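Structure first, commentary second.
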There are 4 protein chains.
Amino acid sequence: MREELRIERKNRLLKAAAEVFCEKGYAGTTIADVATHAGIGKGTIYGYFSSKEDLFFDLFCWYAQGIMADTSFETSGDAGSIKDRFLAYTHDIIQEMLASVHMYPLTLEFWSAAASGNMRNRLKDAMEKMYDEYRQLIGGILQQGIAQEEFHPDTDTAAIASGIIATLDAMGLQYWINPDFDIQTAAMQTVSAILTGISVPPEQKWSSRIKAKTLTQRMIG
Amino acid sequence: MREELRIERKNRLLKAAAEVFCEKGYAGTTIADVATHAGIGKGTIYGYFSSKEDLFFDLFCWYAQGIMADTSFETSGDAGSIKDRFLAYTHDIIQEMLASVHMYPLTLEFWSAAASGNMRNRLKDAMEKMYDEYRQLIGGILQQGIAQEEFHPDTDTAAIASGIIATLDAMGLQYWINPDFDIQTAAMQTVSAILTGISVPPEQKWSSRIKAKTLTQRMIG
Amino acid sequence: MREELRIERKNRLLKAAAEVFCEKGYAGTTIADVATHAGIGKGTIYGYFSSKEDLFFDLFCWYAQGIMADTSFETSGDAGSIKDRFLAYTHDIIQEMLASVHMYPLTLEFWSAAASGNMRNRLKDAMEKMYDEYRQLIGGILQQGIAQEEFHPDTDTAAIASGIIATLDAMGLQYWINPDFDIQTAAMQTVSAILTGISVPPEQKWSSRIKAKTLTQRMIG
Amino acid sequence: MREELRIERKNRLLKAAAEVFCEKGYAGTTIADVATHAGIGKGTIYGYFSSKEDLFFDLFCWYAQGIMADTSFETSGDAGSIKDRFLAYTHDIIQEMLASVHMYPLTLEFWSAAASGNMRNRLKDAMEKMYDEYRQLIGGILQQGIAQEEFHPDTDTAAIASGIIATLDAMGLQYWINPDFDIQTAAMQTVSAILTGISVPPEQKWSSRIKAKTLTQRMIG
DNA sequence: TATGAATGAGGGTTCATTCAT
DNA sequence: TATGAATGAACCCTCATTCAT
């Protein structure tokens, strides 16, 4: 069978699996559920994944890759202060989140599977790598801000990066718990506060704020 | 009194259940596991909880109560600025977290159980209440800061409160994933940045803030 | 639960399992079959045996013990020559075989399970022990015969013992294949020939031969 | 010719099947295993055999034919007494057995398949025929011995024939169970004893015994 | 003819729950 | 009240067989 075709089918399966695992949870999902949802026979799944656990783990990898690829700082906002661009980036991420909030339970499944059970170590390792990358990414941006004298040189970029990530991570949870929760505002305000908090004094800040305004308006409008 | 004895035994069972669910996850835990760990017979559990789900849900309630009670702003730090006291409070919370990090997987189990399965609604409701309370609590402190003219009066306290909570929530996750992660520093730095970000200025800060706020509000609203 | 009761139930299960495995073979038997035949629930079996393989292996041990215990040289025949007593013993064994020929397929299952599959080593070891014991037993009797100057002193008792055992073993097979096969005659004649063949010389041999024949005839007729 | 090619391929398949069934047993072998071992595609097997059972049954027939053809009394030993020639024949058979002992498990598979399952009747019938032929063969030799006044005229040739066959059959089992078992000696001694046991009178018997011993010694030593 | 992807019936095993003791 | 033996529904996974290519 053509390798290409095989990969395409595998991805279709992963998509179906994502939906079912999301809906019913890992333990609550049967292989038959996934097969039915994918419109194929139960046994066929085992031609692509060697076990339910493998399917789930592969799903995590596939999903994580997708998330990392979905938004990028580079493409968020045009020229502007780092802070403004980062806020635009944050905005993109939250928009992404909102667009895929119906999949949020899947994230919780991944976390819980990383907490216990047979996949724990595999998942923890993969997640560690993912978080490291992510922290690296955010940390790098913050350092750009320092280099451009926008952020205070003493800023513990690693710490702040992880704080921002944590904020975004768990905002999703609050939103999932209560869809009335205004995740965009909460995220923007919090990230904004953090960045303000590490910004260098008054006078420079002023101009950056103005820009942010113009920028944001364009984006959202 | 009979009732008291019963409650005490129930709590012993909950404690045992917490440990086992934490270790093996909800799905990976059998009633027999819990019974064995509690040193009682399997059937006895059903004298206290009518099903595995009920046991788990009761455990959540019990656990959530404990968490809310463990630390308090009032007792954290002595007199000082709100920011300083809040940082001390944060420090206490993280210490608490570190002390009970071995139970962190349990939190992930609760989240995942809130994401899907039969307990979803029950748990979501309970969590919603918990987060509301928590946001109220943090929000109240922030408002104290505003009242004392320490924080900017336009601060979206609800948004910032949820941001702080999110930060603390998900910091635990990063620590769980990688025990080398310096959670204390990360949390303190992030919260500090947030609080600095909403603090009233250096006199100039004032005006810049006004604009920013108006902007955001317009944008998001 | 009283240990005694447990053992009794275990034996009832083994009996049921023997019948079903015999009827349908190891692979063709489902745990459900055994449970139904034993009049209990499917899951109950796992309270007594930890897997289908264990059940089968335990069954072999139980069965082998039973076989070894069923007949004994000591109690076969009254005083007389070793040869006569041994022929009587053979007769007893064949009678035993005939009485339980409906279980012969089970023996074939044991052999085939010793040939391949996960139980191979366990079973081979157990069978080796069984055959060793059996050869020891028969060999000992032959040596008595030598001591009493009834059998030729050069007799390779180990070889002959294994030959006799082989004869009895595989006679069952021929009988199983074709119930018209006269197993009693075949076994008695063969064993008689063997014993005659190792008996000390001419003059005595002749008469003993006559007797043996007469004896056999009496027994079979 | 097409048909020839087909038969040749069928035989290659049977050979592969024999090896795999021997290694893993009937139940433990998958059609895919056989196909892989034969270096062909899974589906192709069904071009030659209509089911797994048919493959196995055909294998039995093929295998049985091979066994019957492998050794012959006519070609064993040179001129000499029937007994000596038969001992030589026995020796050939055991040599054959030793050469193919790695395939012994297959024999056990055949037996167990004849004991239960869907192929039982087919296999039993085939085996019955095989044993009948074999007993006929051995019985005929014994009768030659009687005709030549070497064996006692009262000898129950059918019984003794089946005894000899049983001996050889089950000797293989003891050897399979324990490779240290000296199957050559055991078989030769036992068959020798049997033949001695049915040999005509005293005086000749003695000398023939000596010879037998010498012969055996030569062959085994 | 040869292939191997797809299928789904079937079986070993687990475990929440019940209930007789 | 406490127990744990018994239960059987449910599920993961295997594999003989089919069939489109």
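Just so we're clear, the structure is a prediction, and the values are computed from it rather than from any experiment. All chains are named by letter (A, B, ...) in the order of the sequence lines, taking the proteins before the strands, and each is independently numbered beginning at 1.
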Side-chain N or O of D:Arg9 less than 4.0 angstrom from OP1 or OP2 on E:dA2?
yes

Of the listed nucleotides (E:dG10, F:dT3, F:dC15), which one gets closest to any side-chain atom of A:Lys42?
E:dG10

Considering all heavy atoms of both residues, which atom of A:Ile40 and which atom of A:Ile45 are nearest to each other, and what is their separation?
CD1-CG1, 3.9 Å

Identify whether any heavy atom of C:Thr29 sits under 4.0 Å from a base atom; if not, whether one sits that close to sugar-phosphate; answer base, sugar-phosphate or nothing.
sugar-phosphate

What is the distance from CZ of C:Arg6 to C1' of F:dA5, rounded to the nearest Å?
9 Å

Whole-Å distance between F:dC12 C1' and A:Phe49 CZ?
16 Å

Both distances below 3.5 Å, Watson-Crick or wobble geometry, any strand: find the nucleotide opposite F:dT21.
E:dA2

Quick check with a 6.0 Å cut-off and a 45 degree axis cone: is D:Lys124 positioned over the face of C:Trp176's six-membered ring?
yes

Re F:dA16: Watson-Crick or G-U wobble partner, both distances kept under 3.5 Å, found to be E:dT7

Using heavy atoms to find the nearest nucleotide of DNA chain E for D:Gly43 and A:Gly41 separately, return the residue whose nucleotide is more 5′.
D:Gly43

Give the rounded distance in Å between these two atoms: OH of A:Tyr46 and P of F:dC12.
6 Å

Given E:dG11, E:dT17, E:dT14, the nucleotide with the shortest approach to the side chain of C:Thr30:
E:dG11

Measure CD1/C:Ile31 against P/F:dC13 and give the value in whole Å, please.
19 Å

Measuring to OP1 and OP2 of F:dA6, would you say a side-chain N or O of C:Tyr48 lies under 4.0 angstrom away?
yes

A:Leu5 CG to F:dA20 P, in whole Å, measures 17 Å

Look through every strand shown and name the nucleotide pairing with E:dG12 as Watson-Crick or G-U wobble, where both distances are under 3.5 Å.
F:dC11

Testing the 3.5 Å rule here: is there a donor-acceptor pair between the side chains of D:Thr29 and D:Asp33?
no

Remember a base hit wins even if backbone is also touched, and classify D:Gly47 as base, sugar-phosphate or nothing at under 4.0 Å, heavy atoms.
nothing

Taking the inter-plane angle between the rings of A:Tyr104 and A:Trp111 on a 0 to 90° scale, is it parallel (under 30°), tilted (30 to 60°) or perpendicular (over 60°)?
perpendicular

Starting at atom CD of C:Glu3, determine the distance to atom P of F:dA5, rounded to an integer number of angstrom.
11 Å

Do the ring centers of A:Phe56 and A:Phe110 come within less than 6.0 Å of each other?
yes

Separation of D:Ile45 atom CD1 from F:dC19 atom P, in whole Å?
18 Å

Atom CG of A:Asp54 to atom C1' of F:dC12: distance rounded to whole Å?
13 Å

Over all strands shown, is C:Ser50 touching base, sugar-phosphate only, or nothing at heavy-atom distances under 4.0 angstrom?
nothing

Which one, F:dA6, F:dA2, F:dC13, comes nearest to the side chain of C:Thr44?
F:dA6

